[in-house]
There are 2 protein chains.
Amino acid sequence: MSSRTGRPPKISLPEIVEAARRVVDTDGVAKLTMRRLAQELGSTPMAVYHHVRDKDELLVLLLDAYAEENMLKPELPDDPRERVVLAARAMHDSLVRVSWVVEVITADDLMSESALWYVENIVDGAMACGLTAEQAVHAYRAIWYYVAGEIIIHRKASRRRAADDRPTYRDRVFAELDGADYPRLAEVGARWGELTAQDTFETGLRALVNGLIT
Amino acid sequence: MSSRTGRPPKISLPEIVEAARRVVDTDGVAKLTMRRLAQELGSTPMAVYHHVRDKDELLVLLLDAYAEENMLKPELPDDPRERVVLAARAMHDSLVRVSWVVEVITADDLMSESALWYVENIVDGAMACGLTAEQAVHAYRAIWYYVAGEIIIHRKASRRRAADDRPTYRDRVFAELDGADYPRLAEVGARWGELTAQDTFETGLRALVNGLIT
DNA sequence: ACCTGAACACCGTTCAAGT
DNA sequence: ACCTGAACACCGTTCAAGT
């Protein structure tokens, strides 16, 4: 009773996803267009549309494929607070490796199924520290905002740094800074660039976790 | 010695920015294209290009115009820790009102000059609590990650909610959740949607500030 | 100096037809 | 059932010419 009629398929969903990965890995997510993908497959854009509803669906499929093998799941310590910190750190580090993902991810507050491991461990650690289920979920969300914000801002900032030769908008603003209006910023002044270049993700994360888990 | 020759201008930079604002206010930032803008001006795309280098420059100009009049600057309390919280809250609330802005903003860790007020007050409050200049800048960045992350994720989530009729990806994931692998998430279960719909920005912010300022 | 029109090199997606 | 080709309705930007 199963498929008996019709033209035999030339491309399959796994092949499509694999081709999409090749494009993203070599040329970046911005270059992933339906046309470029079809070219990579030796096919036409519309052949792809027979397997996926639209480009968004393709991106979700791609996300899952990446998640499957890029998610770091380190051994977590017994101490519940430290478990929260290290789970969040692992979530962050996994996402940074495929940072184009956040542009897709932020569509929802929960990403693919593979990310549940992080959520579970963060919520569990928080509850083991004495938070209620409700508080633990709220704590997870605060952590997710922090992690996502850090990744997005860093990604954009480093893209700028790579592309731009002239001084950044920020540099100009600081150069023209009025010390009377903004004494603290004037005090920090030229060190701003240096200070914001430092990686302070984990210290910030620990502060957040400490604040969330009294 | 100044301009003597040449055709008289038909459109000015202020007019361009004003027209861009009309487009963004009525139809959203996604509809702001050079062609649509030209139409709004009763002109051609290339006339605009004579006044701005490219679309990015237009967006920065637009950002400044919005910032000038949308930035909330409430009276801040004397207590330095509370000053940090309320400055961050005001920064957040100002940005939410023009949330399309974050898509442009995140290009750098500092936005327009108008945002310096927030930065100054956050850094100042942190230093008044005993942090060094260096620590205060790092604290500001952690707060900015949190604020930016919250705005971006909320913006995207609400866009989805408006557009989509079918159940979200998240709902499907939770429905198929394996309680053995993820006991805590199974425990929270159906309440997830309800819990993540709550506005917990300020409690999260206070936790972060408390963690940053011992 | 400032503006116009046509064109280039792209997009995602729909539609009608082919095998 | 699956694929193709042409077309639609867009983009940002460049180029050559007009006033």
Side-chain angles (χ1 to χ4, degrees), chain A residues 1-20 23-24 26-63 100 103-104 107 156 159-160 163-164 166, chain B residues 1-20 23-24 26-63 100 103-104 107 156 159-160 163-164 166:
Chain A
M1 282 301 165
S2 60
S3 63
R4 229 176 315 140
T5 60
R7 178 174 183 165
K10 284 179 72 175
I11 56 174
S12 67
L13 202 50
E15 279 166 1
I16 291 173
V17 173
E18 200 194 338
V23 174
V24 170
T26 57
D27 295 340
V29 73
K31 294 286 181 190
L32 180 63
T33 67
M34 298 308 265
R35 289 162 211 273
R36 173 86 167 72
L37 178 59
Q39 183 191 312
E40 189 78 23
L41 286 161
S43 183
T44 67
M46 288 321 297
V48 177
Y49 274 96
H50 199 267
H51 298 264
V52 300
R53 180 193 304 269
D54 52 22
K55 201 186 170 184
D56 263 15
E57 190 174 305
L58 175 68
L59 284 172
V60 171
L61 255 26
L62 193 58
L63 187 64
W100 61 269
E103 282 166 25
V104 186
K156 299 247 189 173
R159 248 204 318 225
R160 273 286 153 112
D164 240 322
R166 34 181 189 174
Chain B
M1 283 301 163
S2 58
S3 62
R4 228 176 316 142
T5 60
R7 181 174 179 162
K10 282 179 74 174
I11 57 174
S12 66
L13 202 51
E15 279 165 0
I16 291 173
V17 174
E18 199 193 340
V23 173
V24 170
T26 57
D27 296 339
V29 73
K31 294 285 181 188
L32 180 63
T33 67
M34 298 308 265
R35 289 158 152 81
R36 173 86 169 73
L37 179 59
Q39 183 191 311
E40 189 77 23
L41 286 161
S43 183
T44 67
M46 288 321 297
V48 177
Y49 274 96
H50 198 267
H51 298 264
V52 300
R53 179 191 305 267
D54 52 23
K55 201 187 170 183
D56 263 15
E57 190 174 306
L58 175 67
L59 283 173
V60 171
L61 254 26
L62 192 59
L63 188 63
W100 61 269
E103 282 165 25
V104 185
K156 299 246 191 178
R159 249 206 313 227
R160 274 283 152 116
D164 240 323
R166 35 182 188 176

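The structure displayed is predicted, hence computed values, not measured ones. Residue numbers begin at 1 in each chain, while the letters A, B, ... track the order of the sequences.
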Shortest side-chain distance from Ala47(A), nucleotide among dC3(C), dA6(C), dC3(D): dC3(D)

Separation of [X] atom [atom1] from [N] atom [atom2], in whole Å?
{"X": "Met46(B)", "N": "dT13(D)", "atom1": "CE", "atom2": "P", "result": "9 Å"}
{"X": "Leu58(B)", "N": "dT13(D)", "atom1": "CG", "atom2": "P", "result": "10 Å"}
{"X": "His50(A)", "N": "dT4(D)", "atom1": "NE2", "atom2": "C1'", "result": "12 Å"}

Expressed as a whole number of Å, how far does the P atom of dA9(D) sit from that of dC10(C)? 22 Å

Let's see if you get this right: which residues in residues 8-16 of chain B place a heavy atom under 4.0 Å from DNA chain C? Pro9(B), Lys10(B), Ile11(B)

May I ask you to verify if any side-chain N or O of [X] is less than 4.0 angstrom from the OP1 or OP2 atom of [N]?
{"X": "Ser43(A)", "N": "dT4(D)", "answer": "yes"}
{"X": "His51(B)", "N": "dC3(C)", "answer": "yes"}
{"X": "Thr44(B)", "N": "dT4(C)", "answer": "yes"}

Distances for protein N or O near nucleotides 9-12 of chain C N or O, under 3.5 Å:
from    : atom 1 : to       : atom 2 : distance (Å)
dC11(C) : OP1    : Thr33(A) : OG1    : 3.2
dC11(C) : N3     : Arg35(A) : NH2    : 3.4
dC11(C) : N4     : Arg35(A) : NH2    : 3.2
dG12(C) : OP1    : Lys55(A) : NZ     : 3.0
dG12(C) : OP2    : Met34(A) : N      : 3.0
dG12(C) : N7     : Arg35(A) : NH2    : 2.5
dG12(C) : O6     : Arg35(A) : NH2    : 2.4

Would you tabulate the side-chain donor-acceptor contacts of residues 9-18 of chain B under 3.5 Å, counting partners in other chains and residues two or more places apart, or write 'none'?
from     : atom 1 : to       : atom 2 : distance (Å)
Ser12(B) : OG     : Glu15(B) : N      : 3.3
Glu15(B) : OE1    : Ser12(B) : N      : 3.0

Name each donor-acceptor pair under 3.5 Å that joins a side chain in residues 39-50 of chain B to protein atoms two or more places apart or in another chain, with its distance.
from     : atom 1 : to       : atom 2 : distance (Å)
Glu40(B) : OE1    : Arg36(B) : NH1    : 2.9
Glu40(B) : OE2    : Arg22(B) : NE     : 2.9
Thr44(B) : OG1    : Ala47(B) : N      : 3.3

Donor-acceptor contact below 3.5 Å, side chain Asp54(B) vs main chain Glu57(B): yes

Step-by-step side chain to side chain contact (heavy atoms under 4.5 Å, CB included) determination, Leu58(B) to Leu37(B): CA-CA 11 Å; Leu58(B) 175 67; Leu37(B) 179 59; 3.6 Å; yes

Taking only Watson-Crick and G-U wobble pairs with both distances under 3.5 Å, what dot-bracket line describes DNA chain C, where [ ] shows pairs that cross earlier ones and | shows pairs with another strand? ||.|||||...|||||.||

Every protein N/O within reach of nucleotides 16-19 of chain D N/O, cut-off under 3.5 Å:
from    : atom 1 : to      : atom 2 : distance (Å)
dG18(D) : N2     : Arg7(B) : NH1    : 2.7

Candidate pair Leu32(A) and Leu62(A), rule side chain to side chain contact (heavy atoms under 4.5 Å, CB included), full reasoning: CA-CA 11 Å; Leu32(A) 180 63; Leu62(A) 193 58; 3.8 Å; yes

